[in-house]
Each structure stands twice: as structure tokens, then as C-alpha cells.
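Read the structure below first, then the notes.
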Amino acid sequence: MGISLLLNKIPALSYSSPEAPSLNALLSDIQGVPLLELSSICINLTLFLVFLFIVSARQIFVCVGRIQFVKDDSAAANASPIRRSSVDGEIRDVSIGTGFKATVLCCFYVLFVQVFVLGFDGVALVRESVNGKVVDWFGLLLPAAQSLAWFVLSFSALHCKFKVSEKFPLLLRVWWFFSFLICLCTLYIDGRQFLVEGSKHLCSHVVANFAVTPVLAFLCVVAIRGVTGIQVSRNSDLQEPLLLEEEQGCLKVTPYTDAGIFSLATLSWLNPLLSIGAKRPLELKDIPLLAPKDRSKTNYKILKSNWEKLKAENSSKQPSLAWAILKSFWKEAACNAVFAGLNTLVSYVGPYMISYFVDYLGGKNTFPHEGYILAGIFFSAKLVETLTTRQWYLGVDILGMHVRSALTAMVYRKGLRLSGLAKQSHTSGEIVNYMAVDVQRVGDYSWYLHDIWMLPLQIILALAILYKNVGIASVATLIATIISIVVTVPVAKIQEDYQEKLMTAKDERMRKTSECLRNMRILKLQAWEDRYRVMLEEMRDVEFKWLRKALYSQAFITFIFWSSPIFVSAVTFGTCILLGGQLTAGSVLSALATFRILQEPLRNFPDLVSMMAQTKVSLDRISSFLLEEELQEDATIVMPRGSTNVSIEIKDGVFCWDPSSPTSTLSGIQMKVERGMRVAVCGMVGSGKSSFLSCILGEIPKISGEVRVCGTAAYVSQSAWIQSGNIEENVLFGSPMDKAKYKSVLHACSLKKDLELFSHGDQTIIGDRGINLSGGQKQRVQLARALYQDADIYLLDDPFSAVDAHTGSELFKDYILTALATKTVIFVTHQVEFLPAADLILVLKAGRIIQAGKYDDLLQAGTDFNTLVSAHHEAIEAMDIPCHSEDSDESPSVSESLVLGKTCVTAGNVIGSLSKEVQEGVSPSDQIAIKEKKKAKRLRKKQLVQEEERVRGRVSMSVYFSYMAAAYKGLLIPLIIVAQALFQFLQIASNWWMAWANPQTEGDQPKVSPMVLLVVYMAFAFGSSWFVFVRAVLVATFGLAAAQKLFLNMLRSVFRAPMSFFDSTPAGRILNRVSVDQSVVDLDIPFRLGGFASTTIQLIGIVGVMTTVTWQILLLVVPMAIACLWMQEYVTYISISLAWQKYYMASSRELVRIVSIQKSPIINLFGESIAGAATIRGFGQEKRFMKRNLFLLDSFARPFFCSLAAIEWLCLRMELLSTFVFAFCMVLLVSFPHGSIDPSMAGLAVTYGLNLNARLSRWILSFCKLENKIISIERIYQYSQIL
């Protein structure tokens, strides 16, 4: 069309040339060539020139590279050789698939056909020339160009075999795709001409086009897939991990960062991962690593830096966390704003142009080829809208991911640094909720970030279009829009209050649930589980009350959402009619299309207000937590190892857990401990012994005085803190493995016999909080952890309280007197028999050191210490335990042996040498045989704690049925569908009525009176909104009943579970289900289900309207069915969508499952770290745990990012498919002769077609998201069937 216009103008410009006659003849010959053939020639020759340019450029680069290589070789002649290895590994085997052979065969087949046509036409023209006839040699131009093109295509495809390419070149694929499009257009035109002229139209070109159509369809499918079918096996042994913390096999960084413009626009960088997921279930190792800029560490550092700057700028004023987030991620937000703004602008092109399109169909032509130009504008606008939408949505998803990762890391770091007083006001469950709920909500706000400025822009554009169509009545539109917005604000405020109370009730339930899980053994032993289960059910009832109010208020808001555009349109049309304005079909359809676009921001505004309020609540909660008091940085002065001979020194120390309290916890503390001393701390219960160790660690706030510590410290708490993981990991505690040192540590802590009893030795997985270890074993693992760190100072808080007297004496000899003989040790103890071995004894009373000295000196002083020792002896004698006689051959008593002091070291060495001699008595071969038997026996047994179970493959239909039957046995489902169907029917009827009843052009008479027009339209419109309200109420009712039943079933099943279930299941897994998964079932799935039903019926309505007007779009069935054969044998347009959806869901489903599983370790680490924060700080391991948290966040973000990209990958293809269908429909409409189709109905089809791409992608997306969310029901269903 554009070429024809250009060719029409060229002759007028050529008359000034001296060669005008010959040039005019040439131009007239070119003009005689059909437009489609001319387009085909131009495209083929253009692509051929691009091919020549690429080949030439590649050769030039090769030559330049060789020259540079020679220079580098000469420059590096004296340098050490560089070893080069292939990144992908060595190629071991290449297999040529059937697909590649078929592709090459098809290319040569088309080449043969084109050469045959060229020869046939050439011979015919030569004969005509010989006979003296006038010959049009331009008829050979098309077969010649196509023969040249297919010669290049055929041998380029064949060349992939020798290059061992797993992907066809991009140029080749684009060429195939355009060839198929040209073939389809030619087929359509030839088909029309054949119906008119019959067999007279048949010629060599027509027959050849029919002959190559199936082959080109197959090549188009190959072009879309891009895979050659050549499979390459590589030697993966050459690959090594890039980072130590990354598991083997996860070596590739996501190609998203290095992808080109085309790959970013089409999201084709995700194809390798999706192809793996289509073949087999995805594993975490299949998912590439995040790019450095997307990792949690990078985002955490940026946000932390800006947060600290804001705190430092004005210490008197509370800093704004929202401002810190905006300063940290403003570049990403600005980039998204560009896509969002462009998307908004092009989305209004269609509604603006519809009136011109209806006028054109009515016979009003403004310029030549107007119809095709309008169709091109519609197509271009929808194409740009599709591409920008996907980039915008993916951008806000990535922005939300960055914010969530950074905030989670900050909350975790704060939890490690929280002071004792601040920790009293924030329980472990609340801190987990900050991470699981509040941070999630702040991250989700990225979706609403641009709505603040986009809503006014959208309203202004809509008013401009409406002013063009309805004139001054657009003022009524503005007023109605403002009323719609204002009405929704108080409703959103009410819902916000309900949401806040719902979250408070959920926090309380989660806190109590966490307590029950931590103490489940006590509940089971006391048979209290039913009582506490009933208590949780009552707390759930309180939560359910607010949940009911929140969902029903949401149903009312949904009614307002859907009614607002109807109200606005009714007010606009009513005002226009009352003012005497002339409505035409074009102006009405343009206004309806504008209202259809405007309804999205109108619907989203209450949601925006509600989300802003909820996000503000969450930001305030997180901000107040981040501003809580931390441990004092100057509580202790740490000096480097060896700088002084004094290990610990406290001068005039006054300490208090609550600085505002008038009485201090510790006061008047004066102490100096030299290197290598053993200091015992004793006193009555509550005298401040544990607080004394805390003041050395810097845990307790310092009121005055000075604490100096020289060297590193290791801390063993009174209540054992054990991490989830195996015993070896707990002992090493982040240090590298040293076998000799490790064995000596196990011997010193008397753990060897215990390890022999475990099924997997030191590789035995410890359950949640060390559930499968006894109290004594936990304490000895703690002691081993401290000993392996090889610290300078050891702070032991009553380490022998959990072991029996015999084991305690052995531990004291082997651990404190032997292993820690050269270390500085301060130990709190109630065992008086250990005190004689101490170099210094401190006696505490009421937070003060009342006595200090050696054992004998304190006994002679005859004060509190003497009373303490006497009380201990009296307690022993009261137990009436027989003692050994003096002439017994057995070893002396514990107290006698310990009084010897230094002699015990020698005794320990003798015992060690004796045990070594006993071991040496067994031959090495026997020792190896025994070890092998033990190892084999361990391997046959299962670990107590297994990896979290996840279902693979499709979500079972039984899960869907169980959810639908959970509420009223599924009786509400048909009612929901009927209500939505009636809504859609009335919506279409109202639009059809306005298009039919109004005149097509100005001056025509309307078919009904203005009052009848308005009354009927309002009846249809408001009737449809009533059915929306009915559907929303039914969905909320269904969701409430189903959620409550699922929760109660899971809770009762968990509380009925045997204790072995809790021993083998970390609490984080259960908490993940009762918090995150249950929240999805409560608030998300019901509306996902209703949204899927509404989108399905809307899509059926759109396709129905379009096919009623332009049934010819059904011609797309055959080529599209061929195009989807590689995915699934479907035969309709919708089926291509289903095939892509099936290809996508294979990966998406597993990605969501991996995401759900990767969330539990984060929650688990949160709970463990907060409980053991004192131990982590005592060992100085905050940085290592922070790195671990960041690693877990990245392990979660990897599949999460890919799942987000996979959703956009699918939606992009769905929308592109819909855009091409819409463009085909437009071309059909402008190709029909004037008067053969009703312009009003054609405009109505275009009005609905403008939403086809959005509806189709939303339909597929809603189904995919529904299936992804159903996984939460699947996970709850797992814990509802515990045996």
C-alpha cells in the first residue's frame, strides 16, 4: 500500500530527467507487478542483503581477530602460556535428530519448487518471445528472488550441521517466519480470486504457493522454536563451581543480564530453562544464578546505606523507610515509569481511532488506502502495547523482589543485634511475621507505585477522547469519575481497618502456634494437645470473624469496581442525550472503548488507596522494629590477641537489663583475669551468675565502668542452642574441617560413644531445636562447638548441669583441665567438687561479688562460700548414697580426684595413652572392616529429618475437587458461573444496543427515541452490575467455608500426629503452611477462582462477538493448528494458547513448588537465629549467619524470578497471538466491499477485539496463577493426611 503510493509519486518527479521515457516505462512495468509479489521480492532481497552483510562483517572480524591474535602472540612471547578451556566443555557426541533432517528436506523442497517455477515461466516467456509476442520479463522477478532466497536458506540450514549449532540463526528464523506470512496472504488472495474466476486464475505461482504452504507452516514452527534438533553431549567434568556457596551443577548466571534487545523484548532468554522443564521436572540446580545486581547482598547494601544516611542526617526526627527505599531503587522505578507511560499512551490509540474506522466502513474515505493504514495503526499500537506491558510488569516484579530481599536482610540483621529489652516487646513469631507478611506487602506495592501518576494521565486522555465524541458531556464524565473515586475511599478505609485487625489476630494465632510447636513434647506427655488445639481453634474463630468482614467488604468493593464504569458511561450518555447532542455509532463505540480502558484505573483506585494504607502500616511496623534499641557497640573493648597478658578486666562495672530501672542487675564489679586462668563463678540461684557472663559478652546494657576483653571468645549457654543440620555442622560452626582436631574434640567432649549409637554417626540430621538429642548430648555438642573454635577465652554457663556426675567429672578432666589447659576459662557451676581446680573463685550475691579467692582461702574465711559448700555436702548426705570404702581398689571419689588440681592433667594424659594402646591392639585391617560395616549399616537407615516433600508433575485433580467440595459440597460453583455468564451477556447486550440503535453517521435518523435508548441501556448495564455483586458474594461465601474447613482439618491432623512427626519435621515447615499457605487460601484463591471464571466467560463473549461479525477469522484455525503440532494436537485457535500454556505450566508449576520449599529454610533460619542470637554473637559469627541468610534469600529469589519471567513469557506469546488475530480481523473488515457489512457491528467487533489480547493473556494467566496458588492447598492437604 505504502509502496504503491510511493510509486504513484515517482513518475511525477522523473519528467525532468533526460531518460524520462525509459524510466517511465520501467516504473509502469514495476507498477504492473501485484503489490503482494512486490512486497515479497523486496523482503527477500532485503534479507538477502542482510545475510551478505552479516557474512562479510563476520569475515572482517575474523581477519581483525587473527591480526590481533598475531600481535598478542608476539607481545606474549616471553610471557607464561595461558591455558584456555571451553566454557561449555569438550564435545563428546553429536546426534542429528529427525527434526533437523525434516527441516533441511523442507528447505530443499521449497528451493526445488521455486527453481521449477522459474524454469517453467522462463521457458514459457522464451517461447512467447520467439513467437513475436510482447513479453513481460518482470514476471520472472518473483521466482528468481525466491529461488535466490531459498538457495541461501537451504544451505544455511545445512551449514548448522557442520557448525554443530543447537539453535538456528536468528536471521534464518525471521526469514522463514516472513515467508510463511507472505504465503498466507497470497493464499488468501488467491483463494478469493479462485472463488470469483474459477480455474482461469490457476497459474504456476498459485499452484506453487499451494504446494509449499504446509512445508512453510512447518518451517514457521521451527522458526518459533529455534531448536535445530542437533543434540550435543559435552564433558561436564571440566566445569567447576564459580562460588563456594553454590551447589554443584548450578553454574550458569541467568542470561537475562547479557541478553540482547530482541531476546529481552521476546523473553526468549528463558527458553533453555522452559525446554528443560518441558522434558522433566525442574530441580533447584537447573535454575540459573541471579545476576550480581539482582542478588540480595547488593540490594541490602544499597538500602542499608541509604537508611543509615537518613538516620544520621536528622537524629531527632524519625527517618522515613519509604524514602530510603525510593532513594535506593529509583532508577528501576524510573525505567518502569517509561514503559508504563508509553503503554498508557498507546492503549488509547485504539479508542481514539475507532470512530474513523466506523466512518471508513460506512463509505466515508478521507485518503487512498485509508482502511489498510488504519489497520496498520491499530496493529502497531497493539504491538507496542503488548511489548511495553510485559516489560513493565516484569520490571515491577523485579523491583518488588529487590525490595523484599533488602528488607528481609535488614530485618534479619536487626534481629541479631536486638537488645534484651527490645526483644521483650518483639517475640520470635512477630519478627517472622515482619519478614513473611509485612515485607511481602511492601514488595507487592511495586505493582501500585505508578498508579499514583498514571490515574490522572489516564483520566485526562479519556476525557480528551470523550470530548471529541460527546462534546460538553465529557464534563459529566469527569464529575461521575470523581464521585466514583470519592465513594470508594471510605469503603477502602473500612477494609483497611478489617485487614489490620485480621493481621493482629493472625499474629496472635501464629505466636501461640509457634509456642505449641516448640513445646509439643510436653503437650503430648501431659495429654494437653486437645486443650491447646481448642485454644488455637478459638483464636482462629477470632481471626475468621475479621476474615469474614474483610472478604464481604471486598465483595462490596468488587461490586463498586464493576459498577463505576457503568455509572460513568450512563451519566455521560444521559447528559449527552439530555443536552441534545447527536450520538453516532462511531462516537458511541469510541466512548465505550474508552470506558472499557478507563474502568481499570477506576477499579484499581480503591485497591490503590487500600494498598497504600496497608503498605504504610507495614512500613511503620518494620520501621519501628528497625529503630529498636540495639546492643551497645562500646559495651566491651575488644583488644587484639596477644596485646596484653590480661584476658578480661572489668573496672567499676554497673550493668542493668532495663536501663530505666532504679536497681541495677550487677553493680560494683571489679575483676582482672590473666591469660590461662580458670575462674569459677558460684552463688545461689538468682544471684546474677549468667548476667555476669553476659556483661563480658556485651549482652547486658552497661550503665558505667569499663570491660576489656583480649582475644576471641567462645560461649556455651545454660540452655543448649542447637542448629538444624547434622552434628558435624554444629561442631564445625562454619570453621573448615580438620580431621585430627575434630577427633580430639569429640574425645574431649565424650561424644564418640554417642555417635556410635546414631544411625548416621556425626552425619545424623538433628531435628528442630535438637529434638532427637538428649539434654546431655545437646550440652556436649555445645561444648564441642566451643572447643573446635580454638578461642582465647571460654565462657561456660553451668555446662555440666545436664549431665550425670560421672560424665561431668570426665568432661571436667578432659575438657576444662586438659583441652583448655592453656586457655582462659570462666565457668559458672553449682558443682562444688569442681571448685578446687579453679585458680580464682568468684562468689556472687544480689548482683555483687562478695568474695573472690582460691578454694582453701575462701573456706577458711568462713563466710557465704563456706555456707554454700556446707549446704552442698548436706544435700549429698541427705540422699544417703553409699560411698566407696577407703581400702577399695577402685579409683578415688570425684571430689578427691579434683582436689588434686594439676595432677588431673597427668591422669588425663595417662588415660588417653591407655585408650590409645587399647586401640592399637586391634589390627588396622580389622579396624577398616569394622568401619565399613558401620558405614554400610548407617547408609541403610534413613535420616530423621528428610528434605521437604514436594509433589512433582501436574497438580492432581483430586486437589481441585477436594477444594471445590470443601464448601457446601460444591453447590455454589454452578451459581457463580451462571451469575458471571448473565453479567457478560447483559454487558454485550448493552453495548450491542448502543451500537445498533444509534445512527451510523451524522444526519441519519436514530432507530429509537433518546429516552428509550437511555432506559434500555441503563437496564442492561445496571442489571449486569447486580449479577457481579451476586457473584462476588457467592465467591466470598465459598472461600470462607472452604478456608475454614481446610484449616481445621490440617490443625487437627497436626495435633493428632505422633511425636515422631514433630521430631522429623522442622517447625518452619509447619509454620510456613499455617501462615503463608493458609493466607493464600484465605485471601487469594477464592478471588483467583472467581477471576478465572469471569475471564473465561469474557473471552468466550469477545470471540463470539468477533466471529459473529467476521466469521473469516476461523480461517486461522488450520495454520495455527499446524503451528501447535509440536506442542500438542489441538485444532482451534484457543488450543494454541492451551498448548503454550501446557508447555509453560510444566516449568511454572515446579518453579512455584521450589519457591514454596525455599521459603521454609528462610523462616527456619529466622527462628533459630533469633533464639540463639546470644550464642551467635558470643562466637562473633554474625557475618557468617548474615551471609547464610543472604544465600537463602538468593536461593528463594532464583526460582521466584524465573517463575515471574515465565508468566510474562507466556503472556507475551498469548498477546502477540491475539494481536495477529486482531490484525487479521481488521484486514478482513477493510477488504470487504463497502456495504457488505454493517459498520456498527464491525465497530463493535473492533471494540471487543481491542481487548482480545489482554483478555486472552489474562485468561491464561489467571489459570496458571490459580494452579500455582492451588499448590498451597496441595501443601495443606499433605498435612491434613498425617498418619
Side-chain angles (χ1 to χ4, degrees), residues 488 551-567 569 592-593 595-604 606-607 960 963-964 967 970-992 1020-1040 1042 1083-1106 1134 1137-1138 1141 1207 1210-1211 1214-1215 1218 1247-1270:
T488 55
L551 286 187
Y552 281 128
S553 65
Q554 180 66 34
F556 184 69
I557 288 176
T558 303
F559 167 69
I560 295 177
F561 288 173
W562 287 88
S563 299
S564 295
I566 296 170
F567 169 70
S569 61
L592 287 174
F595 292 140
R596 193 181 293 273
I597 295 179
L598 189 61
Q599 70 183 359
E600 290 297 328
L602 288 180
R603 288 179 192 168
N604 291 339
D607 201 14
Y960 287 95
Y963 179 68
M964 288 189 289
L971 295 177
L972 295 182
I973 301 294
L975 297 178
I976 293 172
I977 295 172
V978 169
Q980 180 61 36
L982 289 172
F983 158 76
Q984 186 63 28
F985 174 77
L986 292 175
Q987 278 277 293
I988 294 173
S990 64
N991 293 336
W992 174 85
F1020 280 140
F1022 286 104
S1024 65
S1025 65
W1026 169 253
F1027 283 109
V1028 164
F1029 177 70
V1030 172
R1031 190 211 73 185
V1033 171
L1034 289 175
V1035 167
T1037 305
F1038 170 82
L1040 285 167
L1083 299 169
D1084 210 349
I1085 290 182
F1087 294 103
R1088 294 281 180 200
L1089 191 65
F1092 174 68
S1094 64
T1095 311
T1096 303
I1097 295 171
Q1098 281 181 337
L1099 184 62
I1100 293 171
I1102 291 173
V1103 174
V1105 170
M1106 292 180 67
I1134 299 298
S1137 308
L1138 291 173
Q1141 177 261 342
I1207 291 172
L1210 177 69
C1211 289
M1214 294 302 98
E1215 292 195 11
S1218 303
T1247 304
Y1248 276 89
L1250 286 172
N1251 274 342
L1252 179 61
N1253 61 337
R1255 287 302 117 189
L1256 180 61
S1257 65
R1258 183 165 292 185
W1259 176 63
I1260 296 293
L1261 185 61
S1262 63
F1263 175 72
C1264 296
K1265 285 194 172 182
L1266 176 62
E1267 181 157 357
N1268 291 343
K1269 296 295 183 182
I1270 286 289

* **Side chains of F985 and I1097 in contact at under 4.5 Å (non-hydrogen atoms)** => no

* Side chains of V1033 and F556: closer than 4.5 Å at any heavy-atom pair? -> no

* Where Y963 and G1039 come nearest, the two heavy atoms and their spacing -> OH-CA, 4.2 Å

* So do the side chains of L551 and T1037 get within less than 4.5 Å of each other, counting heavy atoms only? -> no

* Structure fact -> d(T1096 OG1, Q984 CD) to nearest 0.5 Å is 11.0 Å

* Asked: Below 4.5 Å, heavy atoms only, C-beta onward: do F1029 and F983 meet side chain to side chain?
  -> no

* To do: Side-chain contact test, heavy atoms from C-beta onward, threshold under 4.5 Å: evaluate it for V978 versus F1027 and give yes or no.
  => no

* Asked: At what distance, to the nearest 0.5 angstrom, does CD1 of I1270 lie from CZ of R1088?
  -> 11.5 Å

* Measuring from I976:CD1 to L1089:CG, what's the distance to the nearest 0.5 Å? -> 6.5 Å

* Structure fact -> Closest non-hydrogen atoms of R1031 and S1094, given as atom of the first, atom of the second and distance, are NH1-CB, 3.1 Å

* Asked: Taking atom types as modelled, is there a side-chain donor on Q987 or S1024 under 3.5 Å from an acceptor on the other?
  -> yes

